[in-house]
Amino acid sequence: MKRMKIMSVVVCALVVSLSVGATSRIVVGAQFGDEGKGKMVDYLSGDADVIVRGQGGNNAGHTIMVGDSEYKLHLIPSGILREHTQCVLGGGVVINPRVLLEEIAMLESNGISVRGRLWISPYAHVILPYHEALDGHVEDRKAGASIGTTRRGIGPCYADKVNRVGVRVGDLFEADRFSGLVARNVARVNKAMGGVDTTSFDGVYDEYCEYAEKLRDFVKDDCEVMIDEAIKAKKNVLFEGAQGTFLDNTFGTFPFVTSSSTIAAGVCGGAGIGPSRIDDCIAVVKAYTTRVGNGPFVTEMDPANCPIEARKGREIAVTTGRLRRIGWFDAVLVKTAVRLNGAHAIALTKLDILDAIEKIKLCVGYSYNGKVYDQIPAMCCDLSVVTPVYEEWDGWMSCTADIRRYDDLPEQAKKYIARIETLCNAPVRYISVGPERQQTMIKA
Ligand code: GDP
Ligand code: IMO
Ligand code: MG
């Protein structure tokens, strides 16, 4: 008996030490992006030492509220708002230097120091004006079948990387190499765009040499070593995913996806960190579903009859200003995302947006060819052929925005959360009931 008591004390001590100990943690979006990753990364950065972006570029858009201040970030990790952190743009990111410099200026004008805290991997690829031009050109030519990209040049930049003709951040500092790459790429892109000289070599070269000088002090040739050493030194390292699982260019709703791997393994790869170094993966999940751009959306509602108010939910894209499409919670998507990411837990955001909805629907399965699926069936991965199977739940019809403890949530809201946990096969660890840092609670 005595020995059992001692054992249980030891186990408890171990659990406590693990839960307060250093962690390397990945935060990913589990739907179509805009799940509230920026808010959750800012919240979790409270005790993080290093925050790393591993993929994507300024197609991402995160709105973060800190007190009365609202910040919109596209490239710089959301953890930059905590002054004790070091932030890294990893090798898998695609960087538009103009946007990055604007973001640095915006932060500095708000009194947030960036110098000596923000580091860029030389492996990261550079978005040039011809990538943006090509993105728009290709989208326009697809007319009715366009992807609905953010037109930020993300796809063409990643295509150059895969085709081994892209420009890396490190190349900006090698004059001959850089000028050769730009000359060849400008000629190629102008030809692809119908022989129209949309981009001039001199313009691009001079502009980017100027950017390179301004960014020189941020480029760190051992970023990946720094991250590795932080993990070895038992610091808290947070990897910030951009976009969402179903925008992943392998497992998303292809071809209506982005051009990077948005799942946890992709973030890891882009950060140059092996998967064995990751302790924890959080899937950020909105309490309903949204999507910007084109592509299948099984639980989408007609905006004219949608009880979830776009304005209340501020469902307007940060990057492009487009209205987000809105639908009910889709447990098939999220269960699939939990598997693809190996998520340990869910951060459920925007619960407050459902506060005044009398009847809430929850998609629990996809019906296809006489069968009901609880994860996305690969054979119909474009999702256009499935029909959603819904459960209907009574709403809680009371305000949750001021609640700070899980126990104080309305019973009906707790049941909704419990159902999400069961259907998606992961515990809900964090619940967010508003855009601000403190509007977040931990469910033990
Ligand atoms: P991200 O791209 O995943 O970081 O998400 P976005 O920032 O693009 O979109 C999420 C929006 O919802 C932002 O305007 C956030 O400020 C806001 N937001 C995040 N969490 C909550 C929440 O729990 N409740 C409400 N009402 N807004 C939230
Ligand atoms: P965050 O990080 C929502 C979508 C675009 C388009 C598709 C391809 O804020 O969650 P791209 O420009 O990447 O080639 O566009 O991906 N998309 C996003 N949707 N949130 C994002 O990022 C997105 N980044 C890209 O709307 O449908
Ligand atoms: Mg966003």
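Residues take their numbers from the sequence shown, with the count starting at 1. Just so we're clear, the structure is a prediction, and the values are computed from it rather than from any experiment. Counting starts at 1 for both ligands and their atoms, in listed order.
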Point to revise | Residue pairs involving residues 155-167 (criterion salt bridge (charged side-chain N to carboxylate O under 4.0 Å, His left out); sequence neighbours excluded) | key: Asp160-Arg188
[atom] [closest protein heavy-atom partner, distance rounded to 0.1 Å]:
atom                    : answer
atom 23 (O) of ligand 1 : Ser432 OG, 2.5 Å
atom 7 (O) of ligand 1  : Thr63 N, 2.8 Å
atom 6 (P) of ligand 1  : Gly61 O, 3.6 Å
atom 1 (P) of ligand 1  : His62 ND1, 3.4 Å
atom 10 (C) of ligand 1 : Asp34 O, 3.8 Å
atom 24 (N) of ligand 1 : Asp352 OD1, 2.8 Å
atom 12 (O) of ligand 1 : Lys350 NZ, 2.8 Å

Review point. Considering the options Cys157, Ser260, Pro156, which one meets the side chain to side chain contact (heavy atoms under 4.5 Å, CB included) requirement together with Val94?
Key: Cys157
Check your understanding: Considering the options Ile227, Thr23, Asp49, which one meets the side chain to side chain contact (heavy atoms under 4.5 Å, CB included) requirement together with Lys235?
Key -> Asp49
Heteroatom distance test ([X], ligand 1): nitrogen or oxygen, under 3.5 angstrom:
X      : value
Gly313 : no
Gly36  : yes
Gly434 : yes
Arg314 : no

Under 4.0 Å from any heavy atom of [X], which atoms of ligand 1 are there?
X      : result
Val433 : 23 (O), 24 (N)
Ile353 : 26 (N)
Arg324 : 6 (P), 8 (O), 9 (O)

Check your understanding: Can you check side-chain contact (heavy atoms from CB on, under 4.5 Å) on Leu383 and Tyr366, steps first, answer last?
Key -> CA-CA 9 Å; Leu383 300 187; Tyr366 289 172; 3.6 Å; yes
Study note, to complete from the structure: Total protein N/O/S atoms sitting under 2.8 Å from the Mg ion (ligand 3), waters ignored, is 2
Point to revise | Which atom of Gly395 lies closest to which atom of Ile360, heavy atoms considered | key: CA-CD1, 3.9 Å
**Study point:** Closest approach of Cys363 to Thr299 (non-hydrogen atoms, all atoms of both residues)
**Key:** CB-CG2, 3.5 Å
Check your understanding: Can you pull the residues with any heavy atom under 4.0 Å from ligand 2?
Key -> Phe32, Gly33, Asp34, Lys37, Asn59, Ala60, Gly61, His62, Ile147, Gly148, Thr149, Thr150, Ala242, Gln243, Leu247, Val257, Thr258, Val292, Gly293, Arg322
Exercise for review: Enter the distance from Gln31:CD to Leu333:CG here, rounded to the nearest 0.5 Å.
Suggested key: 7.0 Å
Practice item. If a pair satisfies ring pair (Phe, Tyr, Trp, His ring centres under 6.0 Å) and one of its residues is in residues 83-118, list it, with sequence neighbours excluded. Key: none
Point to revise | NZ or CZ of Lys414 within 45° of Tyr406 ring axis and under 6.0 Å | key: yes
Review point. Using the benzene-type ring in the case of Trp, are the ring centres of Phe246 and Phe251 under 6.0 Å apart?
Key: no
